[in-house]
4 protein chains.
Amino acid sequence: MIEVQEAQRPSLLNEHGDVLRVAIVGCGYWGKNLVRNFFEAPGCTVSHICDLDQNALASIGRRYPTAQLTRDYSEVLRDPSVDAVAIATQASSHYLLARAALESGKHVWVEKPLTLHFREAQELTELALRNRLTLMVDHTFIYTGAVKRMRESVNSNELGDLLYYDSVRVNLGLYNHDVNVIWDLAVHDLAIMDYVLPFQPIAVSATAASHIGTGGSESLAYVTLHFKENFIAHFHVNWLAPVKIRLTTLCGTNRMIVYDDTVPSEKVRIYDRGVTVSKLEPSSHDRTRLQVDYRTGDMYSPMLDQSEALQVGARHFASCVRSGETPYTDGQVGSRIVSFLEAAERSLKVGGRMESIDW
Amino acid sequence: MIEVQEAQRPSLLNEHGDVLRVAIVGCGYWGKNLVRNFFEAPGCTVSHICDLDQNALASIGRRYPTAQLTRDYSEVLRDPSVDAVAIATQASSHYLLARAALESGKHVWVEKPLTLHFREAQELTELALRNRLTLMVDHTFIYTGAVKRMRESVNSNELGDLLYYDSVRVNLGLYNHDVNVIWDLAVHDLAIMDYVLPFQPIAVSATAASHIGTGGSESLAYVTLHFKENFIAHFHVNWLAPVKIRLTTLCGTNRMIVYDDTVPSEKVRIYDRGVTVSKLEPSSHDRTRLQVDYRTGDMYSPMLDQSEALQVGARHFASCVRSGETPYTDGQVGSRIVSFLEAAERSLKVGGRMESIDW
Amino acid sequence: MIEVQEAQRPSLLNEHGDVLRVAIVGCGYWGKNLVRNFFEAPGCTVSHICDLDQNALASIGRRYPTAQLTRDYSEVLRDPSVDAVAIATQASSHYLLARAALESGKHVWVEKPLTLHFREAQELTELALRNRLTLMVDHTFIYTGAVKRMRESVNSNELGDLLYYDSVRVNLGLYNHDVNVIWDLAVHDLAIMDYVLPFQPIAVSATAASHIGTGGSESLAYVTLHFKENFIAHFHVNWLAPVKIRLTTLCGTNRMIVYDDTVPSEKVRIYDRGVTVSKLEPSSHDRTRLQVDYRTGDMYSPMLDQSEALQVGARHFASCVRSGETPYTDGQVGSRIVSFLEAAERSLKVGGRMESIDW
Amino acid sequence: MIEVQEAQRPSLLNEHGDVLRVAIVGCGYWGKNLVRNFFEAPGCTVSHICDLDQNALASIGRRYPTAQLTRDYSEVLRDPSVDAVAIATQASSHYLLARAALESGKHVWVEKPLTLHFREAQELTELALRNRLTLMVDHTFIYTGAVKRMRESVNSNELGDLLYYDSVRVNLGLYNHDVNVIWDLAVHDLAIMDYVLPFQPIAVSATAASHIGTGGSESLAYVTLHFKENFIAHFHVNWLAPVKIRLTTLCGTNRMIVYDDTVPSEKVRIYDRGVTVSKLEPSSHDRTRLQVDYRTGDMYSPMLDQSEALQVGARHFASCVRSGETPYTDGQVGSRIVSFLEAAERSLKVGGRMESIDW
């Protein structure tokens, strides 16, 4: 999709051999995971860790004494030995931090969501393309064995005609303080759905509740995606649920997939169940009638690649930086997901009315 | 609520002593359960079984040779020894069959939904009141130990401020051929919610999908109930799901209840979990900020009354017939549920727009 | 195995056409199930219900008014219109009741265990053979789709070399007052194992606990079966467990089966997991070493026949009576299971020492 | 139990302030966990990492560049700045490595089992006592919130009279190559049981199977513990099970505890269920009869301390080193567990006969 002439890409700097030097920006819960994974990924190292909080820096520095610690992001950008920047800060800062990095000639990894506005996401995507830099959004579930297997099921057509996609992603507690539950949780479901389905939604409607006083953001939401095809997708995301649920169902006329991310094994189950519709002969007192039969058969749970998604993602990023290939979750994908999220946000504001997706 | 002068109610006919004689109309899957339960309920017997299908009658007659079998409903209504009629036919016939019974002086038990139109439901309710007859809708879950326990939790205020109600009722296969999935499955959730909550919804929005060709009714729907209170209810009902789920969550600020009807024991679990919001002191660069804390504690699963709901309901019906008391699920309740269902149906027809409830 | 000349078997009595007339003896919990199932089985009817308890008789008589009620077993045996007797009384009475029935020319169905002593079981088996009568023990799990599927897995050799059989059958409460937990619960596991495995145990050891004072029977036991083959079977049976568990595992070198009878669907799961052992080249400082590899693959849960086991069994009994074929669970099988139980009982008495099986 | 005069204990060396310097010996799977946890424990650091495998050392050294790496254990023991040694090598080497450390004046942490022979375990215990050094065995489950809660239930007497202890610890694959499944897995159950119960076993019997050819060690075992009290304990440990199970049940006459370590939350469930036995009046034809009633009530799942057990253990070790207090899992406890394991091993060798415990 993105045409890049390999020769003109910035090559990995010679003084560090072939090692990809990544600066991690933001060392909260997820940033720490990035540090660990870029240290563990072959051919990668973490050159800098950057955070505004001096204590957080000191703490992680004790664990990883070889990384340079800094509170000054421009220092990172000025350092020519830094090949790439991985941004794990609050969502509202993604756009500016990523833009500055791309302008400084750094490859960029950004946590989800790519930005808070579609136009900003597009701008980053174009900037990366123009500067021949890799831009990858960490839609982390795309790099799991489970989601990969779901996509294969769809591509192999074993499900028959697709009927609906339903997902429940709920737990107690929020992990993100600057966005609401849609931007925090539904972003995962949108990214998975976008990766798995062969078609794209045209409109979205969303309902939400904000329970925590004036000024609080939505902590519970129901999001429906509408398609040209006779297909519907629905997500329930929730920070106020007593029990953690991560349950995705994708049904077709021939087979149905259930992906339960809370169980230790057999996360993906494929049910040989479905529905067949046949037309009955019209009788005198009847309009054309339909005979609906439900079919139930075996269940099958394929063995999945158990690798840590973040490690798979980190290696994919490194590989794309080296080869110039487009990441599975590039700026285009990240922009599309942001456009879904923005449309959902607009729907919330107009009482759940259907909003078309500007994509 | 309904004032009835006991002396004027039709007394149980003397020639049969104190035994309540019930005619069962419709002997499909649920009708057979009614026959068995009214035979087993103390002080009750099944006097007639009425169905249009001669084979179905013959088959059940072998099991219950003391009941009179008939294809002629008016024969049942004319028989002065029949005290009550229990209607388990297709939903579209409920209104006419129930009206005729009430006009014939019979107490009436009707399967859910009471009728397909609110005006009809109201007419039956008024007719029963005028004729001093018991009219009870079989909202069967109201008579389970689980739902009773949920209502007690709400009434005792142990949940704190109520936040939301969420229910998933999905499986493979439909059991009702003349109505869509909302009238078939969501009717249960609406009845449970109506019984458990201390307030009532003011509007409803619904989205659905019909996957089985032209003319097929909706087999999958998402229904949202809106309240004046800062509260939301949402139901997912589905005939096309690979795995049966019956999961209801009712959350408050202090405690959260989960009711899972698919497990053999511990169906109701009460989590001592919640959320507290406190205002932080505004600092110079901040607007008023909120400190949100999630609290997690013990879980508790109360022992529940294990009686079969239909048996509890049958006894409750018999008791109301005898005493003149109003059933928990009387015509008023049945009418209200029909008004919710009609509003959901209207919302479906206008693309999921919010429809106010005419109640 | 049993050679019978069909012409000499007692034919079903002509005056009742081809209907098999069964007398049910004992109408407790399981006896009621027998009554229902022999009424429902095609070509069968329940002619008599016999019990010492007049109230129990009266109660079941109201449900099944066509069956003759009697407290006098010899009346049943003398009635030439009775083709078969189904015995669902306490285990200690099985032998005498079954012997009298066989001596009176009746086909016999007996609840498990067949008798309390191997010699008695053998005597019944021989008596049935001599009198050309069908004798069938109600080892009910043999007639489930799940156990049938396990046997097919073994027969098709898909499991590889069999390694072990492990079963846990525990719950709170006892259902049988005249025998201990081994005779009440382990009898099921022994019957399933005997049906599924291609070889038989040669010895048994058992440990048990009796917690309910002097004179109380064992309420918790661990039973180990020993085989000539490199194979072991172990059962945990328990009346004092807080949660009901019914979990059987049969493992081979190529595949492993788990049968969970407490779940509503996917009761049988076949795991493509196993272990391979290969000899490593001996090195200078090593004795012959073994390389053990664990292999993990897909899981597969076949659709099972969902028919009620008791109905399948009742039809099988009727079919064997008519054709003279040997039931799957005939007197030979019943005797063998009794010999296992007796050996386990002997082992209990000698502190868990291994006792050989007299078979 | 162990009397130590605090003044004479070796004090933490002054040149490192108050920091406890721990050398980790063996950096396999568990050794790496020790390195991480002693780095994270407040007031502790990892001074050395010692392993025979140069590659393993190099790999972990990249993660923890401040630790000294060495293949020479005596170098560690000679270094006066090392306060304690944590041994995570194969079980057969524990005795010699721990003895050398204690002789060199180092406090010692040893992985389970303490040694392979009771006499060796005792010798280490006495040596530590004599040299006023802390000796702690890493029976890691003792430091979980779940096991702590089980012990509290027993101590508070809420269970009533204790009836039995049953545990299943099975999975596919072994993690330990120099011992059999009893020494690898049952050691956990024995340590938990020993910590939770108020009394101790007097004998053990064990049955096992070795499926992996000549020379292979036992991969599946059933172990029964016998007590003077009317109580029984039984463990099923297994490396050849398709599904991981970690399920412990401890039942009393008043309440029953189930501890399921495979679920993410509600690991401990306390069932208000039990059994009551009362003597019935003897009637003429009866011996003294017992009336047994099963009681079922609520279930309750207490919130547990979620801290990582190894971190709790590391802090406890550091605290005991500093204060001279006896660890919960000291040499005495470790020796007792070894004596149970040795008795189980002897029982295996004599065909499962009961072996008394030399304690």
Side-chain angles (χ1 to χ4, degrees), chain B residues 16-17 19-22 24 29 32-47 49 55-56 58-69 169-173 241-247 260-267 269 299-304 306 308 311 314, chain C residues 16-17 19-22 24 29 32-47 49 55-56 58-69 169-173 241-247 260-267 269 299-304 306 308 311 314:
Chain B
H16 302 98
V19 173
L20 183 73
R21 292 171 55 83
V22 183
I24 310 297
Y29 168 70
K32 286 199 193 82
N33 283 336
L34 289 182
V35 171
R36 175 171 58 79
N37 273 283
F38 276 109
F39 264 121
E40 287 177 6
C44 297
T45 195
V46 174
S47 63
I49 302 174
N55 290 331
S59 161
I60 198 162
R62 279 193 289 277
R63 281 281 293 278
Y64 300 100
T66 60
Q68 269 185 262
L69 307 178
R169 186 175 300 273
V170 308
N171 52 253
L172 188 67
V243 177
K244 183 176 178 173
I245 303 178
R246 298 280 184 270
L247 191 69
D260 182 349
D261 201 37
T262 64
V263 295
S265 60
E266 284 93 53
K267 283 177 188 286
R269 298 174 184 223
M299 185 266 274
Y300 162 77
S301 179
M303 189 166 64
L304 303 173
Q306 305 277 350
E308 184 181 1
Q311 183 59 215
Chain C
H16 303 98
V19 173
L20 183 72
R21 293 170 55 82
V22 183
I24 310 297
Y29 168 70
K32 286 198 192 83
N33 284 336
L34 289 182
V35 171
R36 175 171 58 79
N37 273 283
F38 276 108
F39 264 122
E40 288 177 4
C44 296
T45 195
V46 174
S47 63
I49 302 173
N55 290 332
S59 160
I60 199 162
R62 278 192 290 275
R63 280 282 292 277
Y64 300 100
T66 61
Q68 269 186 263
L69 308 178
R169 187 175 299 274
V170 308
N171 53 252
L172 188 67
V243 177
K244 184 177 177 172
I245 304 179
R246 298 280 184 270
L247 192 69
D260 183 348
D261 202 38
T262 63
V263 295
S265 60
E266 284 93 52
K267 283 177 189 285
R269 298 173 184 223
M299 186 268 274
Y300 162 78
S301 178
M303 189 168 63
L304 302 174
Q306 305 277 350
E308 183 181 1
Q311 183 59 214

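In what follows, chains are A, B, ... by sequence order, proteins preceding strands, each numbered from 1. Excluded from the calculations below are hydrogen atoms, water molecules and symmetry mates; all remaining heavy atoms, backbone and side chain alike, are included.
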Roughly how far apart are E40(C) CD and R62(B) CZ, rounded to 0.5 Å?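 These two atoms lie 11.0 Å from each other.
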Measure the OG-CG distance between S265(B) and N171(C) for me, rounded to the nearest 0.5 Å.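 Reported to 0.5 Å precision, the distance equals 11.5 Å.
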Top contributor to chain C interface from E266(B), K244(B), R63(B) [non-hydrogen pairs under 4.5 Å]: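 Ranked by contacts with chain C, first place is R63(B).
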At a 4.5 Å cut-off on heavy atoms, which part of F39(C) comes close to chain B: side chain, backbone, both, or neither?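 Neither; nothing under 4.5 Å.
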Do P264(C) and T262(B) touch side chain to side chain, with heavy atoms closer than 4.5 Å?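 No, every pair of side-chain atoms sits at 4.5 Å or beyond.
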